[in-house]
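Everything on this sheet refers to the single structure shown next.
Atom set for the values below is all heavy atoms of this structure, side chains included, hydrogens, waters and symmetry mates excluded. All values reported here derive from a predicted model rather than from experimental measurement.
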Protein chains: 2
Amino acid sequence: MAGPVQSIERAAAILRLLAGGPGRLGLGEVAASLGLAKGTTHGILRTLQSVDFVEQDEATGKYQLGAALLHLGTSYLDVNELRSRSINWTDALAARSGEAVRLGVPLEGKVLIVHHVFRPDDTFQTLDVGSLLPLHASALGKVLLAYGAAPLEPLVEGEPEAYTRHTIVSSQRLNRALAETRDAGWAAAVQEMIMGEADIAAPIRGQGGLVVGAVGVSGPVERICDSKGHPHTSLVGLTRNAARAISRDLGAARW
Amino acid sequence: MAGPVQSIERAAAILRLLAGGPGRLGLGEVAASLGLAKGTTHGILRTLQSVDFVEQDEATGKYQLGAALLHLGTSYLDVNELRSRSINWTDALAARSGEAVRLGVPLEGKVLIVHHVFRPDDTFQTLDVGSLLPLHASALGKVLLAYGAAPLEPLVEGEPEAYTRHTIVSSQRLNRALAETRDAGWAAAVQEMIMGEADIAAPIRGQGGLVVGAVGVSGPVERICDSKGHPHTSLVGLTRNAARAISRDLGAARW
DNA sequence: AATAGCGGTCGGCATTACCGAACGCTTTGG
DNA sequence: CCAAAGCGTTCGGTAATGCCGACCGCTATT
């Protein structure tokens with residue numbers, strides 16, 4: 001097994017860094033963050049600039065992500081089989097549940113939203129496609145963790161971030177929640193990431209039965225949960241049915 | 001001027017190839033398309049896979065774009081100053097004109113849509129953000145060409161593609177259209193890309209007065225144009241005003 | 001059952017990209 | 001107003017780096 005190409009790894013690290021940071025970064029900051037020499041970093045950035053993966057602000061000389069990435073990102077959506085197969089089912093789930101539907105896959109210790117159907121009523125909503133959710137504070141993430149689609153280790157080693165007072169931060173409680181998820185076949189997160197918001201999710205399996213993603217509904221806690229703070233069983237049923245339908249479409253015969 | 005990093009250039013070429021093709025590509029096809037040895041191509045692909053820029057289909061071994069690109073693409077939108085400064089103006093333009101509004105920047109001999117406001121009525125529309133339009137068959141593209149924001153040479157050398165019978169394919173007629181655009185300060189494309197569709201666009205200038213993008217309205221030809229096939233002057237006025245407002249926001253003092 | 005085509009691997013060579021110091025330039029502080 | 005620190009950028013030497021092409025095992029064809 002030959003080694004990976006370092007310059008590409010470094011280029012990818014730079015792009016991730018630019019995506020993670022708030023906005024533009026200077027050459028020095030990039031070099032320092034990755035522990036590289038300024039000259040090396042400059043060469044990589046110049047190359048990335050020549051292929052439109054990064055842009056440089058004329059005035060300040062700082063670097064930011066480039067336009068070519070936007071086209072690559074939407075091209076990814078076009079070829080993503082999980083997304084294309086699920087569109088019919090997610091539309092139906094949104095219509096029947098009356099809630100927003102989101103589809104997530106694991107990426108770099110987070111949940112990447114690859115599809116988002118707005119809640120049928122016409123309230124203002126922002127498109128979540130392309131955003132990253134935390135694994136431990138979302139129903140989508142818990143499902144991916146529970147079924148091994150996303151690695152658990154990084155979370156139990158470093159203390160996970162507490163977004164609200166309901167966020168699960170102890171690895172003991174997290175493990176219990178994941179066991180319950182495996183037991184029940186679905187997960188919920190009630191005000192664990194944003195106060196007032198809740199979501200329910202169920203696993204999607206591909207060929208061979210491996211969990212490759214998760215689908216779920218999300219919305220204000222008073223719509224998702226009953227008076228005791230438990231998710232409505234009807235929403236849970238609709239979500240699980242949608243997840244099973246998508247799995248079947250993907251070729252997961254029984255499950 | 002030191003040379004750019006070849007492995008990164010090649011990696012970018014592979015990603016562009018995967019984005020351009022219909023879907024998955026095999027290792028051999030990629031290697032042949034780029035004129036590289038299979039071993040070299042495999043090394044790059046393996047590296048891109050390790051950073052989630054490409055994924056490999058377990059069953060067939062073919063490669064496709066990876067999930068990380070989606071997040072990078074949306075992160076680009078978040079930091080794009082042209083887009084963020086124009087949002088208020090494009091919303092207003094859509095509301096006043098009653099038509100869909102799109103914002104484009106040049107990318108690789110095409111127009112990349114970086115923002116899209118749906119037509120206010122609730123007809124079904126697909127989000128164009130991230131798509132590429134041809135320079136010579138869209139109003140957005142003609143504006144970018146006319147003001148030097150996109151290079152003209154590749155188009156006049158190779159015969160441009162004819163999408164409909166109204167598409168401008170002769171470089172003579174294209175040059176005349178661009179001269180008229182510069183003269184008038186706006187451009188239109190009526191059924192030049194898709195029969196029944198038309199759009200109007202005007203240039204957006206950044207600091208220093210250079211054209212950095214274009215904004216325009218688009219829709220069915222019977223809504224955009226009058227009975228003689230000319231764009232409604234009211235829509236032209238609204239579009240040019242919006243473009244001027246965005247330019248001012250970007251720091252283009254007078255123009 | 002034979003074979004052509006696929007993705008993947010491995011070793012040797014030389015090209016490759018890395019590093020660190022030096023250069024203008026702008027911006028900050030005195 | 002000048003000094004000086006910080007920025008992005010350039011440049012040459014070096015050895016480590018990734019490239020190449022032949023080889024392997026497998027699948028799917030004929």
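Nearest-nucleotide assignment on DNA chain C puts the 5′-proximal partner with A:Gly35, out of A:Ala59 and A:Gly35.
Between the C1' atom of C:dC6 and the CG atom of B:Asp57 lies a distance of 14 Å, rounded to the nearest Å. What separates CG of A:Leu25 from C1' of D:dC7 is a distance of 14 Å, to the nearest Å. Atom-to-atom, CD of A:Gln49 to C1' of D:dT9 comes out at 12 Å; the value is rounded to the nearest Å. Atom CG in A:Leu45 sits roughly 13 Å away from atom P in D:dT10 (whole-Å rounding). Residue A:Glu9 contributes atom CD, which lies 13 Å from atom C1' of D:dT17 at whole-angstrom precision. Between B:Lys62 atom NZ and D:dT27 atom P the separation is 17 Å, expressed in whole Å.
In this model, the phosphate group of C:dC6 is not approached by any side-chain N or O of B:Tyr63 to a distance below 4.0 Å at OP1 or OP2. At least one side-chain nitrogen or oxygen of B:Gln56 sits closer than 4.0 Å to the OP1 or OP2 atom of C:dG8.
Each of C:dC19, C:dG8, D:dC20 was ranked by its minimum atom distance to the side chain of B:Leu36; first place goes to D:dC20. Listed candidates were C:dC19, D:dT9, D:dC19. Nearest to the side chain of A:Leu27 is D:dT9. Checking C:dT9, C:dC19, C:dC18 against every side-chain atom of B:Arg46, the shortest atom distance belongs to C:dT9. The nucleotide whose nearest atom lies closest to any side-chain atom of A:His42 is, among D:dC20, D:dT10, C:dC19, D:dT10. Proximity note for B:Arg10 (side chain, C-beta onward) versus C:dC18, D:dC19, D:dT9: the nearest is D:dC19. Picking from C:dG8, C:dC19, D:dC20 the nucleotide with the shortest atom distance to the side chain of A:Ala37 gives C:dC19.
Listed for the B:Arg83 side chain is a donor-acceptor partner under 3.5 Å among the backbone atoms of B:Val114. Remark: side-chain polar atoms of B:Ser218 are not paired, donor with acceptor, to backbone N or O of B:Asp199 under 3.5 angstrom. In this structure a side-chain-to-backbone donor-acceptor pair under 3.5 Å is missing from B:Asp183 to B:Ala179.
Nucleotides D:dA15 and D:dC19 have their C1' atoms positioned 16 Å apart, rounded to a whole Å.
Residue-level contact check: B:Glu29 touches neither bases nor backbone, having no heavy atom under 4.0 Å from any strand. Residue A:Gly39 is in base contact, counting any heavy-atom pair closer than 4.0 Å across all strands shown. The residue A:Lys38 sits close to a base: some heavy atom pair falls under 4.0 Å. Within the 4.0 angstrom heavy-atom criterion, base atoms lie near A:Thr40.
Checked by atom type, the side-chain pair B:Asp57/B:Thr60 shows a donor-acceptor distance below 3.5 Å.
Annotation: side chain of A:Lys62 is not in contact with side chain of A:Leu25 (no heavy-atom distance under 4.5 Å).
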